[in-house]
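Here's the structure, in structure tokens; my notes come after.
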Amino acid sequence: FFSNSSQVSEVKTRSKVGLVLAGITGGAAVVLSVIAAPFVAPALRKICLPYVPATDIQVGNVLRALTGRSGYLVDLGSGDGRIVIAAAKNMGLHGVGVELNPWLVWYSRMRALRSGVRPLTSFVTKDLWTIKFQQYNNICIFGVEEMMADLECKLAKELKSDGRVIACRFPLPSWEPISVYGEGIDRVWLYKRPDELARNISSASG
């Protein structure tokens, strides 16, 4: 009798523990979903721009592509701001991060403040298609394949004659890079506006 009672009690105890653990796990999943939702929300847009942080190797490759450059940097799809912050911290470049997700913009500003480069950086919640590229010497792009052709057309019209474009993860579809850094997902492509496009623009303006 006592043996059976103890077994029943043990089963009940295990069931309660199981329910508690299931509740904790379920609650944690809900909390993580709520926290993560603002960061992945842009992925629900017509052109998917999910938040995928650059790796340390990729950041290093971007800095290599920026070697010797001056002027202003704009990072399109700046995420948590690591490219803009690294360029300011390691190269003294002034940079602007453009990001649709306001939570990431806020987080980037906090990171810049903690890194001591807040005066050299700014982060804005803005649609990249409204940005005028003429004001920037250096343009870094974290986009997706579906948007690169349209972006290439915008760059052809607006990129400064001495401007440089750094494409991460996906190259521009028809421009030939002047340099390529890294391999695989960490690869970045460095571009200038093709000479024939520059000549056509010069002729049209003349």
Original post:
For the atom pair SG (Cys153) and CG (Leu172), what is the distance rounded to the nearest 0.5 Å?
Top reply: 10.5 Å
Original post:
How many angstroms lie between CZ in Arg193 and CG in Asp162, if you round to the nearest 0.5 Å?
Top reply: 9.5 Å
**OP:** Identify whether Trp103 and Val84 are in the same connected component of the hydrophobic contact network (ILVMFWY, side-chain heavy atoms under 4.5 Å).
**Re:** no
Original post:
How about Gln134: does its CD atom have over 12 heavy atoms from other parts shown lying under 6.0 Å from it?
Top reply: yes
Original post:
Once the angle between the rings of His94 and Tyr72 is folded into 0 to 90°, is it parallel (under 30°), tilted (30 to 60°) or perpendicular (over 60°)?
Top reply: tilted
**OP:** Check Gly71 against Leu93 and note the closest heavy-atom contact, atom names and distance.
**Re:** O-CD2, 3.5 Å
**OP:** Could you pull out the closest heavy-atom pair between Leu73 and Ala87, with the gap in Å?
**Re:** CD2-CB, 3.7 Å
Original post:
Counting only N and O atoms by type, is there a donor-acceptor contact under 3.5 Å from the side chain of Arg111 to the main-chain atoms of Arg114?
Top reply: no
Subject >> Side-chain touch Cys140/Phe142, heavy atoms, less than 4.5 angstrom >> reply: yes
Subject >> Lys132 side, atom NZ; Lys157 side, atom NZ - distance, nearest 0.5 Å >> reply: 10.0 Å
**OP:** Examine Ile85 and Tyr107 and state if one hydrophobic cluster contains both, with Ile, Leu, Val, Met, Phe, Trp and Tyr joined whenever side-chain heavy atoms are less than 4.5 Å apart.
**Re:** no
**OP:** Identify whether Val165 and Leu128 are in the same connected component of the hydrophobic contact network (ILVMFWY, side-chain heavy atoms under 4.5 Å).
**Re:** yes
Pair up each side-chain donor or acceptor in residues 54-67 with any protein partner under 3.5 Å, not counting sequence neighbours, and list the distances.
unit_1: Thr55; atom_1: OG1; unit_2: Gln58; atom_2: N; d: 3.0
unit_1: Thr55; atom_1: OG1; unit_2: Asp186; atom_2: OD1; d: 2.4
unit_1: Gln58; atom_1: OE1; unit_2: Arg169; atom_2: NH2; d: 3.4
unit_1: Gln58; atom_1: NE2; unit_2: Ile185; atom_2: O; d: 3.1
unit_1: Asn61; atom_1: OD1; unit_2: Arg64; atom_2: NH1; d: 3.3
unit_1: Asn61; atom_1: ND2; unit_2: Ile57; atom_2: O; d: 3.4
unit_1: Asn61; atom_1: ND2; unit_2: Asp186; atom_2: O; d: 2.8
unit_1: Thr67; atom_1: OG1; unit_2: Leu63; atom_2: O; d: 3.2
unit_1: Thr67; atom_1: OG1; unit_2: Arg64; atom_2: O; d: 2.9

Original post:
Got Phe133 and Lys154 here, is their nearest side-chain heavy-atom distance under 4.5 Å?
Top reply: yes
Original post:
For residues Ser174 and Glu152, is any side-chain donor paired with an opposing acceptor at under 3.5 Å?
Top reply: yes
Original post:
So which heavy atom on Val180 is nearest to which on Pro177, and how close?
Top reply: CG2-CG, 3.9 Å
**OP:** Nearest 0.5 Å please: distance from the CH2 atom of Trp189 over to the CZ atom of Phe170.
**Re:** 8.0 Å
Original post:
Does any non-hydrogen side-chain atom of Tyr181 lie less than 4.5 Å from one of Leu190?
Top reply: yes
Original post:
Can you tell me how far the CZ atom of Arg187 sits from the SG atom of Cys168, to the nearest 0.5 Å?
Top reply: 12.5 Å
**OP:** Verify the neighbour count for atom CD of Glu145: are there more than 12 heavy atoms of other residues, nucleotides or ligands below 6.0 Å?
**Re:** no
**OP:** For atom NZ of Lys160, decide whether the heavy atoms of other residues, nucleotides or ligands shown that lie under 6.0 angstrom number more than 12.
**Re:** yes
Subject >> Contact check, side chains of Glu99 and Ser108, non-hydrogen atoms, under 4.5 Å >> reply: no
Subject >> Main-chain N/O of Ile166 paired to Tyr191 side chain as donor or acceptor, under 3.5 Å >> reply: no
Original post:
Taking the side chain as C-beta and beyond, is there a heavy-atom pair between Ile131 and Tyr136 under 4.5 Å?
Top reply: yes
**OP:** Please answer: with hydrophobic residues joined when any side-chain heavy atoms are less than 4.5 Å apart, are Leu120 and Met91 in the same cluster?
**Re:** no
Original post:
Taking it one step at a time, do Leu104 and Phe123 satisfy side-chain contact (heavy atoms from CB on, under 4.5 Å)?
Top reply: CA-CA 9 Å; Leu104 286 172; Phe123 298 91; over 6 Å; no
Subject >> Nearest-0.5 Å distance that lies between atom NZ in Lys89 and atom CZ in Arg82 >> reply: 13.0 Å
Original post:
Please walk me through it: do Val96 and Val124 pass side-chain contact (heavy atoms from CB on, under 4.5 Å)?
Top reply: CA-CA 7 Å; Val96 178; Val124 295; 4.3 Å; yes
Original post:
Between Asn138 and Arg69, do the side chains contain an N or O donor and an N or O acceptor separated by less than 3.5 Å?
Top reply: yes
Original post:
Do Val74 and Val98 have side chains that get closer than 4.5 Å, going by heavy atoms?
Top reply: yes
Subject >> Trace of the side-chain contact (heavy atoms from CB on, under 4.5 Å) decision for Thr121 with Arg118 >> reply: CA-CA 5 Å; Thr121 64; Arg118 190 70 181 91; 4.1 Å; yes
Original post:
Is the shortest heavy-atom distance from the side chain of Ile141 to the side chain of Ile139 under 4.5 Å?
Top reply: yes
Subject >> Check: Leu151 and Trp129 side chains under 4.5 Å, non-hydrogen atoms >> reply: yes
